[in-house]
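Every chain is numbered from 1, with letters handed out A, B, ... down the list of sequences.
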Amino acid sequence: MKPDEERAFVERARDDPRAFVHLYDHYFPRVHDYVRYRVSDHQDAEDVIAEVFLKALRELPRFEWHHRNSFAAWLFRIAHNLVVDYYRDREQDEVAPAPPERLSDAALQAAVPLTSRVLQPEQTLARQETFRHMRALVTTLSPRRQEVVTLRFFGGLRNKEIAHVLDLDERTIASHLSRGLQDLRDRYTAQTPLGVLKEASV
Amino acid sequence: MNGNGQESPDGHIGTSGRKGRRLSPLSPDAIEGALTERLQHGHAEEERFGFAATLANATPPADETFQRTLRDTIVAEAAQTGERQRETRIIPHRGREMNTRKWYPTLRIAFTLAATAAILAFVFVTPWGRTLAQSALRFFARTERMTFPLEPSQVVTSVPDAPAATAQPPAPLVSIAEAETQAGFDVAELPFVPDGFHYLGARVYDSAVSLEYQAQGGGGSLIVMQSPEGFVQSRWDEVPDHAIVPVRIGEVEGEFARGTFVVYAGDDTATWNPDAPILRLRWVKDGIWFQMTRFGDVETITHLDRDDLTQLAAAVGDRTRVADAGAQFAPEDIVALAQRLNEVPAPRTVAVFPGDYAAALTERTAHPVVPVALGADPSPAAARASLGEALPESGLVDVVLIGQDGGEGAKKVRAALEQALYRIYREPGDTGVETFGTLQRIEYVTGPEEETLQPLGTTYNNGVELVAAGIVDTPRPGEPLPIALEWRAESPVEAPLTVFAHLFCEGRLLAQRDAVPGNGQFPATGWEPGEVVRDQFALQLPEDLPAGQCRVQVGIYNPTTGKRYRPIGVEGEPSVVIGEFSIHGADETL
């Protein structure tokens with residue numbers, strides 16, 4: 001969806017909320033992936049995802065354009081706040097997914113549903129393993145870097161948009177991103193044998 | 001498309017992109033994608049594009065069932081939100097919620113509900129029973145089409161200020177008794193005013209009667225239509241088959257439907273809107289065809305969903321329903337109340353509201369117990385007529401109110417009682433009310449059929465005028481002395497006021513009443529300019545009322561400051577003598 005199209009859909013949805021479904025179709029994968037990285041429990045993550053879109057639908061009349069991509073930033077700010085609220089409600093001090101060692105096999109199965117009709121089962125299993133492995137790595141970052149990395153790579157936001165979501169300077173975002181990515185790369189290389197790397201990249 | 005089968009956002013790719021995610025992270029395409037993004041954005045992390053691509057690929061596949069379900073939810077929510085937006089731009093008394101956002105480019109479907117209102121008005125003036133339902137179990141006329149063409153006169157080309165041309169003024173509101181007279185059948189009533197509503201009145205359309213309740217605060221209504229001749233069956237009343245839900249209403253079958261045909265601006269067809277906040281029930285009972293409709297979805301009435309509507313429908317015309325419901329009072333409270341009534345030596349009538357509870361007291365007290373039928377029409381005339389049938393022409397009356405503390409309906413009942421009877425004040429500070437849990441006993445005395453008040457025209461220095469006043473029955477020691485006052489203000493009264501009435505006999509204060517006009521029901525700050533407000537009550541005369549001259553003095557004061565208002569042109573005491581009488585002995589008066 002081009003920015004002009006997105007703007008048209010947003011404006012149309014203000015008048016006729018049914019047009020919001022186009023924005024949902026467009027943004028669901030990005031919000032889904034971001035939230036799934038931030039919320040370890042599969043069911044809870046789906047609850048948060050649903051709330052993100054329903055809240056965006058309700059709040060859309062109050063949305064204001066600041067720049068051509070500001071709708072994405074606005075949407076992910078809602079997502080970010082709801083994730084923070086989720087952990088606050090659970091009285092968890094740290095906004096972070098559960099570490100991998102605490103996940104049982106059953107939990108892992110639940111964490112990645114196998115109902116995708118797009119991917120073949122073996123592809124799904126491979127993606128599940130990659131996701132599990134990478135999420136475990138992401139949780140080793142500081143909470144701020146986790147946030148920046150997941151917004152960048154799974155929310156698909158640019159630095160400027162992340163800065164808007166997190167109320168930080170764009171250069172700070174670039175710094176977090178650079179160092180976070182370097183940390184992840186180092187740990188990934190250290191922990192991932194070549195065979196696993198190949199399997200993960202099926 | 002990304003890994004979830006979705007189109008990539010803005011076509012951008014690489015470390016953040018979706019285009020790379022369905023590719024092998026180390027594939028040439030992935031590397032090329034990451035390079036492309038690096039070239040596009042020049043971020044430092046793209047120096048490590050290989051790992052970035054791996055990371056971008058490590059996404060979980062979405063649960064498609066969840067994705068579809070959520071999408072359906074969004075669609076439904078969006079439709080409902082749109083309906084609300086349109087509604088807030090149509091219903092005038094929800095002005096504070098009016099959306100005045102400048103960027104609305106069009107109001108093309110903004111008057112959906114206005115059109116609906118027009119349709120309803122159209123329905124109301126259509127001869128009832130034009131077409132009967134085909135069978136007793138098919139209450140709504142079915143249609144397979146989701147649209148139908150409008151008549152040329154029904155096409156709306158601009159947002160109307162008022163319902164469309166098809167609308168005709170609704171019939172005037174009348175009392176239930178008047179509606180029964182006009183329609184020629186006994187109207188079945190709800191035994192109580194549903195939570196969140198207040199009762200407006202009845203309208204008659206040929207042989208059909210509509211009982212109307214308005215949502216408190218506006219924005220919705222509940223209408224119970226009934227007729228011995230059948231349902232209106234115009235095209236506007238048709239319902240798609242899939243939208244009809246069979247329901248059980250008490251002992252009979254019925255049907256429920258949500259939605260209605262609406263007209264969008266500029267359209268020349270009516271379109272079925274399943275999300276329109278219009279819920280309808282239809283059923284037939286004892287030869288009467290009923291339709292109960294809830295309009296609007298303001299918060300005060302949304303509790304009335306399909307199930308609650310069905311329960312409410314089952315209560316229509318069922319006068320034992322309230323009593324059967326029980327749990328309106330604790331057993332010990334009714335026992336205590338009955339005991340208190342039995343302790344009172346003077347003969348009296350006990351009137352119970354709601355009347356369905358009368359039986360609960362009948363078996364516990366020796367006093368005659370009568371049900372009171374108020375609420376359907378709370379006008380003073382109707383109240384007097386209702387009480388007149390149930391009560392003796394004169395004498396003591398203990399009204400027992402059950403669970404009538406709140407709500408518009410309760411206020412109307414209380415107001416009607418205060419205009420039909422004289423509440424007794426036995427001593428200074430007395431309110432005339434005893435409370436037993438959720439039960440209230442209020443002691444009244446009936447007044448004479450005819451009364452004469454003395455015109456006074458006394459204006460106080462706050463602008464309030466005592467128009468007329470008087471003692472309306474013969475004073476007898478040991479009995480209540482009925483007094484009536486009539487007040488008026490030509491402009492809104494800003495400060496609250498309390499009316500005091502003092503009975504002086506030979507210079508001694510023997511009885512006193514201090515109360516907001518109407519015994520609390522008609523506060524002065526709520527008076528309409530020019531409206532005459534009736535304030536009536538009774539002062540209990542002592543049994544040993546000494547022989548001599550007595551007088552009743554009336555005045556008003558600000559209860560907040562305690563300061564009395566002074567009658568303009570009256571010197572001395574800031575009060576007015578409204579009646580005098582002489583006592584010659586314990587049982588002799590002049």
Point to revise | Which atoms of A:Ile49 approach chain B - backbone, side chain, both or neither, heavy atom under 4.5 Å | key: both
Check your understanding: Which residues pass the side chain to side chain donor-acceptor pair (under 3.5 Å) test with B:Arg71, sequence neighbours left out?
Key ->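 Result, side chain to side chain donor-acceptor pair (under 3.5 Å) vs B:Arg71: A:Asp25.
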Check your understanding: Is the closest side-chain heavy-atom distance between B:Leu70 and A:Tyr24 below 4.5 Å?
Key ->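 They are in side-chain contact.
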Review point. Which is it for A:His42 and B:Phe66 under the side-chain contact (heavy atoms from CB on, under 4.5 Å) test, yes or no, and what are the steps along the way?
Key: CA-CA 11 Å; A:His42 174 59; B:Phe66 165 68; over 6 Å; no
Can you give me every donor-acceptor pair (side chain of residues 75-83 of chain A, partner residue at least two apart or in another chain, under 3.5 Å) with its distance?
{"residue": "A:Arg77", "atom": "NH1", "partner": "A:His164", "partner atom": "O", "Å": "2.6"}
{"residue": "A:Arg77", "atom": "NH1", "partner": "A:Val165", "partner atom": "O", "Å": "3.1"}
{"residue": "A:Arg77", "atom": "NH1", "partner": "A:Asp167", "partner atom": "OD1", "Å": "3.4"}
{"residue": "A:Arg77", "atom": "NH2", "partner": "A:Asp167", "partner atom": "OD2", "Å": "2.9"}
{"residue": "A:His80", "atom": "ND1", "partner": "A:Glu147", "partner atom": "OE1", "Å": "3.0"}
{"residue": "A:Asn81", "atom": "ND2", "partner": "A:Arg77", "partner atom": "O", "Å": "3.2"}

Practice item. Give the C-alpha distance, both sets of side-chain angles, the deciding distance and a yes or no for side-chain contact (heavy atoms from CB on, under 4.5 Å) between A:Phe53 and B:Thr73. Key: CA-CA 10 Å; A:Phe53 285 104; B:Thr73 303; over 6 Å; no
Exercise for review: Nearest 0.5 Å please: distance from the CZ atom of A:Arg18 over to the CD1 atom of B:Ile74.
Suggested key: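 Rounded to the nearest 0.5 Å, the CZ-CD1 separation comes to 15.0 Å.
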